[in-house]
Amino acid sequence: DGGITQSPKYLFRKEGQNVTLSCEQNLNHDAMYWYRQDPGQGLRLIYYSQIVNDFQKGDIAEGYSVSREKKESFPLTVTSAQKNPTAFYLCASSIKDYNEQFFGPGTRLTVL
Amino acid sequence: QKEVEQNSGPLSVPEGAIASLNCTYSDRGSQSFFWYRQYSGKSPELIMFIYSNGDKEDGRFTAQLNKASQYVSLLIRDSQPSDSATYLCAVKVPSGGYNKLIFGAGTRLAVHP
């Protein structure tokens, strides 16, 4: 089955720790995205990548880092510099950046 | 600041009625428009997209776009309790040589039997 997978589904982090969220797609999509969703708010773009080995900061990139070494994979690291990381993190992909985006199931991150 | 505005709701409609969800956007450079449905605790699911002024129908769903008024809407005919969810409007805008989506905060729809 083609789709987007994210792991883990739930993640708990202690203050001061870096954590990495996984996103994998087998849709052969060029573009991939990371969003953050807080209760009662829309999705906010963290980082996006149009092609392998290239990525751009979104609207709220501070405290986050990404890599795009393979077309299928776009992991997101939440660093200790992110002051309020508790949120629902969503990965998405699209054929090209002008096409519709499809979302993975999400990772819910909680800081203890 | 590029913005997408939606009424947060809840919008309550009886089963079988038409639900009308509305969205306004600020960027006249917006190119395409998307409606996503999000059930509580789940990720957004694409319902429809529309690029041109006018109506686009898909089953019980109709998207309406008026670029002059910077307004996009989603109509759900014969609403069912399973349609109860939050509906997110998203607008694609050019940004630094790329295209990105700007999301509204969503409208919560409640369909009651």
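Chain A is the first sequence line, chain B the second, and so forth, proteins listed ahead of strands; every chain is numbered from 1.
- Gln6(B) does not touch chain A: none of its heavy atoms, backbone or side chain, sits under 4.5 Å away.
- Residue contact with chain B, scored on non-hydrogen atoms closer than 4.5 Å, involves the side chain of Gln50(A) exclusively.
- Using a cutoff of 4.0 Å between basic side-chain nitrogens and carboxylate oxygens, Asp83(B) and Arg60(B) are scored as salt-bridged.
- Under a hydrophobic-cluster definition in which Ile, Leu, Val, Met, Phe, Trp and Tyr are linked whenever side-chain heavy atoms come within less than 4.5 Å, directly or via other members, Leu46(B) and Tyr33(A) are assigned to the same cluster.
- In this structure, a donor-acceptor pair under 3.5 Å is present between the side chains of Gln80(B) and Asp78(B).
- Classification of Lys71(A) and Glu24(A) as a salt-bridged pair fails, no side-chain N sitting under 4.0 Å from a carboxylate O.
- Counted within 6.0 Å of CZ on Arg68(A), heavy atoms from surrounding residues, nucleotides or ligands total more than 12; the atom is thus considered enclosed.
- For chain B, no part of Asp38(A) is nearby; none of its heavy atoms comes within less than 4.5 Å.
- Contact of Gln56(A) with chain B is made through the side chain alone, with heavy-atom distances under 4.5 Å.
- With a 4.5 Å cut-off on non-hydrogen atoms, Arg44(A) does not touch chain B at all.
- Phe33(B) does not touch chain A: none of its heavy atoms, backbone or side chain, sits under 4.5 Å away.
- Residue Leu43(A) touches chain B through both its backbone and its side chain, counting heavy-atom pairs closer than 4.5 Å.
- Taking the ring centre of Phe49(B) as origin, the terminal cationic atom of Lys56(B) falls inside the region bounded by 6.0 Å and 45° from the ring axis.
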